Amino acid sequence: MIYSSNMNNHTLFSVLIAIITILSVTHSTLATEVSQDGRAILINGERKIILSGSIHYPRSTPEMWPDLIKKSKDGGLDAIETYVFWNSHEPVRRQYDFTGRNNLIRFLKTVEDAGLYAILRIGPYACAEWNYGGFPVWLHNMPGIELRTNNKVFMDEMQNFTTLIVDMVKKENLFASQGGPIILAQIENEYGNVMAPYGDAGKEYLNWCAKMAVAQNIGVPWLMCQQSDAPQPMINTCNGWYCHDFTPNNPNVPKIWTENWTGWFKAWGGKRPYRTSEDVAYAVARFFQTGGTLQNYYMYHGGTNFGRTTGGPYISTSYDYDAPLDEYGNLNQPKYGHLKQLHDVLHSMEKVLTYGDILKTDMGNSVTVTSYKYNNISSCFINNDNTSVDATITFQGQNFTIPAWSVSILPDCKNEAYNTAKVNTQTSMKSKISNEAEQEPSSLSWSWRPEIISSYVKGGIGEFSADVLLEQKAVTNDTSDYLWYMTSVNLDDKDPIWSEDMSLQINTSSHVLHAYVNGKEVASQYAQGHYHFVFYQKVNHFRKGKNLISLLSATVGLQNYGPFFDKTPVGLTGPVKIVGKKSNNEVVTKDLSSETWTYATGLQGLDNKKLYSEDSAYALTWRNDRDMPINRKMIWYKTTFEPPLGTDPVVVDLSGMGKGEAFVNGMSIGRYWPSYLAGKDGCSLNACNYRGRYDNNKCVSNCGKSIQTEYHVPRSFLRDDVNSLVLFEEFGGNPTQVNFKSVRTGGACANAYEGNTLKLSCEGRYISAINFASFGNPTGVCGSFQKGLCQGPNDAKTILTKTCVGKETCSVDVSEEVFGAASSCGDEIKRLAVEIVC
Ligand SMILES: *[C@@H]1O[C@H](CO)[C@@H](O)[C@H](O)[C@H]1NC(C)=O
Ligand SMILES: *[C@@H]1O[C@H](CO)[C@@H](O)[C@H](O)[C@H]1NC(C)=O
Ligand SMILES: *[C@@H]1O[C@H](CO)[C@@H](O)[C@H](O)[C@H]1NC(C)=O
Ligand SMILES: *[C@@H]1O[C@H](CO)[C@@H](O)[C@H](O)[C@H]1NC(C)=O
Ligand SMILES: *[C@@H]1O[C@H](CO)[C@@H](O)[C@H](O)[C@H]1NC(C)=O
Ligand SMILES: *[C@@H]1O[C@H](CO)[C@@H](O)[C@H](O)[C@H]1NC(C)=O
Ligand SMILES: CC(=O)N[C@H]1CO[C@H](CO)[C@@H](O)[C@@H]1O
């Protein structure tokens, strides 16, 4: 293999030449050689700095891909990385889907057309908050299978799918060895984090993965992330919040960071996690300071979990991830711009970082100078890891101040080109504009119909029966979120449990459980973040004779992480009991777990009749009368709307709704659950302090609120004239507040340091006014800036008004030449604070 690490440079070179010769005979496009050594990935023999970002193709639309990828390139990325999502491509065994959002080849070609590299994580296990880790649930139900271990049934299926993907990609000449964009591929994923419980079988499986991958003969190196014992020639890589302390398991492979988490995902009922730009930049700069040469942002664009693709349980439909590009593909400023500046500086130092000699000097108190020397070039990083105290150090006769928890980069070891804590990029504020086409939410007119459940709750009619409680995935293959469990029980007043005070007690691994007795609703409960809960509810209407108990179990995304995550049960795990309390307080229970249970998969309207579908045969069964039910369970609502004008991204605000699934023109835009509010405590009123180690609980907002009231409706789902919105409401809601909005930049703020050029932009609109501008030591935060004690003599507001108002973008040098000498500021580094209105 060309990337075998035990070859010397000379052999490597000859092998490469041989391969290029072979390839150039078969293909007209010129092959790109990808190899590696202890410092970096080499492209055509040259060591490279590679900045990559994750974009998962099914989380946006093919119409969005060119713009997302162009913005990634403009943001200074060299490569786009994606998983391959097995369950989207092979929903039924040997029946494939590579259309629309699943068009992997079109996505890779879009990356190629933009002139970027691609990193293909075939997995096929995908650790991405994706339903069931990307495994099709039919796989789980194959006889004799064990997932992610030395099991022939599983390995045959994994090899079959991996080979299918590799063959498709090869056929289109997309590997770099064929002249295509893919420079690296990945097999398995973070298996090292979970391997121990699998014992020897896990180790055997890992070795098999490596052999199977190598045999695919793709001509570019394979990665295994979080795998300290990755067999050669797999390159093991690091994932995490920080990776500067990581060392690969082989001195001849470079230090690669495959997942640098730019933020974190959101969960229903949870608070909103975010990660500051200062801290992401700090983590990246520390990685390159300590010899890293390839790193990937997880995510660069998070996007949307359309349909039922989200993992779980309880992961939200928005997968925004606080990434540099927001859910809709807009720039998330200042993160995008602050990282772009870092990328530009790192690229400018590519040669010295990949070929230079490294010298580390400890300056004490958590300050280190790392200098890189190559020929006559010297470049330096100075980091201050102290979490509270800024450091002033003297280095090569010059004084430098390094703010706490920051890295300064000096491409010539003399002048600071970048400091991770000094954000010179504007902070954009998104405003949501109501739909001009529909003036008021109340102008949407709704029709409705009930979901028909009577055959289950009154008739107990299902598809088959069994004398046990069955696990939900085993019955449904996850073809629906819903499974009915129904049983009959005879009661009379001689029954020991018969009493005035009878309850249902159900141990369940359902994510949501709705209970009905004798056709009448009892209650709906859910687990609140856990995988298992006990449903408990008093039932006043048990009767003498036959009683029908109908339990509807719902999933909200299947478990996708952890050892044996695939075996996490869902559905009624039992026991199911009737609990009777006698007047003397004696408690008697009747266990129904081994009664005869009748099963029915799915809901009639949702899964059989597909009432959301544009060409549903049931179009005439909707009612337009004035008696539209509000806050009632199991109701369908439907309306038509004209889309907001323009090209800005569109969202539908589902405030007032309970829980369910939403469809636009027959396409699912995902599950919704705006009624589930986050806990009230834990949000700080102050901005998050970026200093100190980050984790996903450190910076949260949105306490006491819904994690997601707005749902992305991709423009490509919409027609110019009339569109339909259909809501399946499971818990009860009121659609009269539902409305469509477009998302645009409403304004921006900046607080840039002297010596920088500040770029201001309304991202496609015009700057209409300058609300505030001051050069000196202004105080306050965006929205409440105030002039400081010192400032330049020229009126900053007038200067900015002249330069910027009426333009889409403008640039201004933050300097005394422009704003006048602010000598009263003394030694303090001067800043320009600006607030613009779009
Ligand atoms: C589920 O998948 C298994 C294994 O592929 C298959 O045998 C079974 O028929 C499927 N069941 C349903 C309900 O689709
Ligand atoms: C996958 O398995 C099917 C049989 O189920 C076989 O026809 C097909 O050739 C296999 N594909 C690959 C790429 O091995
Ligand atoms: C380094 O050397 C090269 C060639 O000798 C020269 O062109 C270049 O200007 C020098 N750079 C610096 C920073 O001295
Ligand atoms: C930061 O520096 C201060 C002052 O030198 C010192 O007291 C403190 O222990 C340091 N803290 C950390 C976390 O490095
Ligand atoms: C650096 O700082 C020290 C201590 O504050 C001071 O004595 C020295 O003059 C400074 N050097 C330069 C070049 O400014
Ligand atoms: C059912 O849940 C109760 C309450 O959490 C627990 O005490 C009991 O052990 C559970 N029973 C089973 C069989 O899981
Ligand atoms: C999945 C995983 O590796 N998580 C780790 C990521 O890094 C953070 C902090 O470095 C750890 O706390 C997580 O366990």
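Position 1 is the first residue of the sequence; numbering continues from there. Just so it is clear, the values below take in all heavy atoms, side chains as well, and ignore hydrogens, waters and symmetry mates. Atoms within a ligand are numbered from 1 in the order they appear, just like the ligands themselves. The model shown is predicted, which means the values in this text are computed figures rather than measured ones.
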Protein heavy atom under 4.0 Å of atom 11 (N) of ligand 5: yes
query: Which distance, rounded to the nearest 0.5 Å, do you find between the CG of Leu353 and the OH of Tyr374?
result: 12.5 Å
task: Check each atom of ligand 4 against the heavy atoms of Ser366 and keep those under 4.0 Å away; list them by number with element.
output: 14 (O)
- prompt: Which atom pair, heavy atoms only, marks the closest approach of Gly202 to Tyr191?
  reply: CA-OH, 3.3 Å
query: Tyr282 ring centre to Arg275 NZ or CZ under 6.0 Å, with the angle to the axis within 45°?
result: no
task: Can you see which heavy atom on Ser408 is nearest to which on Ile402, and at what distance?
output: OG-CD1, 3.5 Å
message: I'd like to check which ligand 2 atoms, numbered from 1 as shown, lie under 4.0 Å from a non-hydrogen atom of Thr163.
response: 13 (C)
statement: Here the atoms of ligand 4 under 4.0 Å from any heavy atom belonging to Thr387 are 13 (C)
field: For Asn756 against Asn424, the heavy-atom pair lying closest together
entry: ND2-ND2, 3.2 Å
task: Any atoms of ligand 5 less than 4.0 Å from a non-hydrogen atom of Gly397? List them with their elements.
output: 13 (C)
- request: Report yes if Arg93 has an N/O atom closer than 3.5 Å to an N/O atom of ligand 2; otherwise report no.
  value: no
- prompt: OG1 of Thr476 to CG of Asn141: how many Å apart, nearest 0.5 Å?
  reply: 8.0 Å
statement: of all protein heavy atoms, closest to atom 5 (O) of ligand 5 is Asn399 ND2, 4.6 Å
query: Does the protein put a heavy atom less than 4.0 Å from atom 2 (O) of ligand 5?
result: yes
- prompt: So, Thr757 versus Asp813: side-chain donor-acceptor pair below 3.5 Å or not?
  reply: yes
task: Give a yes or no on whether a salt bridge exists between Glu278 and Arg691, defined as a side-chain N under 4.0 angstrom from a carboxylate O.
output: no
Identity and distance of the protein heavy atom lying nearest atom 9 (O) of ligand 4: Asn386 ND2, 4.8 Å
- prompt: Less than 4.0 Å between a side-chain N and a carboxylate O, is that true for Arg286 and Asp385?
  reply: yes
message: Below the 3.5 angstrom mark, is there an N/O of Arg94, backbone or side chain, next to an N/O of ligand 2?
response: yes
statement: The protein heavy atom nearest to atom 14 (O) of ligand 2 is Asn160 ND2, 3.5 Å
- request: Check ligand 4 against Asn365 and write out every atom of the ligand that is under 4.0 Å from a heavy-atom position of the residue.
  value: 1 (C), 2 (O), 4 (C), 5 (O), 10 (C)
- prompt: Are any of the protein's heavy atoms under 4.0 angstrom from atom 7 (O) of ligand 2, yes or no?
  reply: no
